[in-house]
Amino acid sequence: MARRWCRLRTILICICTPCFCLALLIIYISVMISLTLNPHTSQGTTIVYYVGEINHFVAPGTLNKDGFSTIPKTFWEDNLKGSGLWNQFQKTIDRHFNPILNPNKAIDRSARSYFDDFLLNQGFSEVTVMDNMRNTFDNFPQEIQQFVTYMQRRDYPILIQPDGVCGAKARLEKKRPLLLFAIKTGEFNFKNRQAIRQTWGRAGWVAGEKRNGSNKEVLGGYVRRVFLIGKEDTGEMGAHVSDLLTMESKTYGDILQWDFKDTFFNLTLKDVLLWRWFSRHCNQVHFVLKGDDDVFVNTPKLITYLQEQLKKPQAKSTMEDFMVGDVIGAGMPNRVKKSKYFIPDTFYSGLYPMYAGGGGVVYSGLLAKRLHKISKTVHLFPIDDVYVGMCMYRLNALPVHHPAFLTFDFSEEEGQQLCIYHTILLVHKRTPEQLVSLWADLKKTWTQCQNVHLRGVDDKKVTQENLAKS
Ligand SMILES: *[C@@H]1O[C@H](CO)[C@@H](O)[C@H](O)[C@H]1NC(C)=O
Ligand SMILES: *[C@@H]1O[C@H](CO)[C@@H](O)[C@H](O)[C@H]1NC(C)=O
């Protein structure tokens, strides 16, 4: 009996094991086929890894998870229902480059070198033909309507540009330029520009705060400057204003003007077009500071800080992703109708990706070129610093928070301290008059405040705290 049973079992094993394996194989193949034929069925099957507090989405077998940086949860979600208009536009493109659905395309996304008009338009028309679209659009505030009407366009011609601002003096210079100041300003803000030119924004060779240990030479770097300007709605005065700007450009050679209306919701164009111009004409510069025309910058400290970054052992690879500023993690879109930042949830739903406040942010020239490429696959968004965050997010790069960037001000108490401006790299909201007097004070207190350090620099911890706060 026992023998018989034993034989039976051997037969069973011999027949069943292959059957079972074959069945598994068939199931596996059919799942793979259905995934390939219909990407929509993959909804909700994404694998989520938790690293620290942040979700990482990793397609099994396509990319290793260490290669991924933090990606907010909404990114790979494939759920068209109930999301804002912008999310819907962008979804078509993100799906196209999704590393889970299209592993090969996702890799050449950052390598593509032409503007993918076709894709952007496809995304646009797929969404705009939907029935409920008309209604959604009609309910937007006027500025958003205006934005949506023109959001497909970014090929605005350059009206004025500096004459070789990045290369002109290069032959006399021993090193690559260290820093480009790229300042958003309006045609009428001549006073702000003039104050910047005379104070922290001086171009040419600029001293840092350190000396060479062996020969006591002052260490510094070469600095460049451009002002980013659109067109003001000037009516009859138009011709007059543009003459003035042409003259200003001839005198200072630092005006970069494009032919689009200089409105709040058009500011993103300044980023996108700056990246394009930078990639063509200025790409030897190590760093870019993009900021408003009402910030104060402690240029000597900034120069030293940036030179230290370049000297770090892993500088070559960190420069690929280098962006530093006042970082806001997982911000909520402003839903207050009266605010100038108001974004209705029918236009954008969900949280913003992590971004650096637009008052002043520094990034590497390498990153500027990468942002230029990736921005061709990200629809314009009306708020410029958030848009930069959206592009960073699609590069799997993260801005780093540095407490010495104050896009909001000091407390009143702190403001009284003698050396307070020696503890910062940048502070927002100063008038042209203040820039001039602050700059003079900075020079006056230089020796006294020589050993004052920048505000806390434990970057990693601060970024985590920032994340936790929001
Ligand atoms: C400091 O000076 C020495 C001697 O002149 C020179 O070799 C060295 O490169 C300098 N260091 C820096 C950081 O410029
Ligand atoms: C942006 O600029 C274009 C070109 O001048 C203009 O037609 C459009 O209305 C502007 N968009 C917004 C939101 O102001």
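Numbering of ligands and ligand atoms starts at 1, following listing order. What's counted below: heavy atoms across the whole structure, side chains too, no hydrogens, waters or symmetry copies.
- Ring geometry for Y352 versus Y355: interplanar angle over 60°, hence perpendicular rather than tilted (30 to 60°).
- Listed by number with element, the atoms of ligand 2 under 4.0 Å from a non-hydrogen atom of Y156 are 3 (C), 4 (C).
- Within the model, atoms CZ of R280 and CD of Q161 stand 10.0 Å from one another, a figure rounded to the nearest 0.5 Å.
- In terms of protein heavy atoms, atom 14 (O) of ligand 2 is closest to T263 OG1, 2.7 Å.
- Taking CG from D259 and CD1 from I158, the interatomic distance works out to 11.0 Å, rounded to the nearest 0.5 Å.
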Steps toward salt bridge (charged side-chain N to carboxylate O under 4.0 Å, His left out) verdict (K443, E209) = CA-CA 11 Å; K443 297 262 139 127; E209 57 154 3; over 6 Å; no
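- Looking only at protein heavy atoms, the nearest one to atom 13 (C) of ligand 1 is L219 CD2, 4.1 Å.
- Here the two rings, on Y341 and F264, have centers that are under 6.0 Å apart.
- Residue S214 approaches ligand 1 through these ligand atoms, each under 4.0 Å from one of its heavy atoms: 1 (C), 2 (O), 3 (C), 4 (C).
- Counting protein heavy atoms under 4.0 angstrom from atom 7 (O) of ligand 1 gives zero.
- From the protein, the heavy atom lying nearest to atom 10 (C) of ligand 1 is N212 ND2, 2.3 Å.
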Ring pair (Phe, Tyr, Trp, His ring centres under 6.0 Å) between Y305 and H402, intermediate numbers included | CA-CA 11 Å; Y305 169 76; H402 195 309; 5.3 Å; yes
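- Between W86 and Y348, the ring center distance clears the sub-6.0 Å criterion.
- Heavy-atom minimum distance, M392 versus D321: CE-O, 4.2 Å.
- The shortest N/O to N/O separation between K311 and ligand 1 does not fall below 3.5 Å.
- Applying the 4.0 Å criterion to heavy atoms of Y150 picks out, from ligand 2, the atoms 7 (O), 8 (C), 9 (O).
- Among protein heavy atoms, atom 5 (O) of ligand 2 sits closest to K261 N, 2.9 Å.
- At the shortest separation from atom 9 (O) of ligand 2 among protein heavy atoms lies Q146 NE2, 2.6 Å.
- Set against the non-hydrogen atoms of F147, the atoms of ligand 2 under 4.0 Å away are 13 (C).
- Of all the heavy atoms of F260, the ones lying under 4.0 Å from any atom of ligand 2 are found in both the backbone and the side chain.
- Minimum heavy-atom separation, T268 to L380: CG2-CD2, 4.0 Å.
- Against a heavy-atom cut-off of under 4.0 Å, F265 is close to the following atoms of ligand 2: 13 (C).
- At a 4.0 Å cut-off, not a single heavy atom of F264 sits close enough to ligand 2 to count as contact.
- A salt bridge links D271 with K290; the closest basic N to acidic carboxylate O contact falls under 4.0 Å.
- Considering backbone and side-chain atoms together, D259 places no N or O closer than 3.5 Å to any N or O of ligand 2.
- In terms of protein heavy-atom proximity, atom 1 (C) of ligand 2 is closest to N266 ND2, 1.6 Å.
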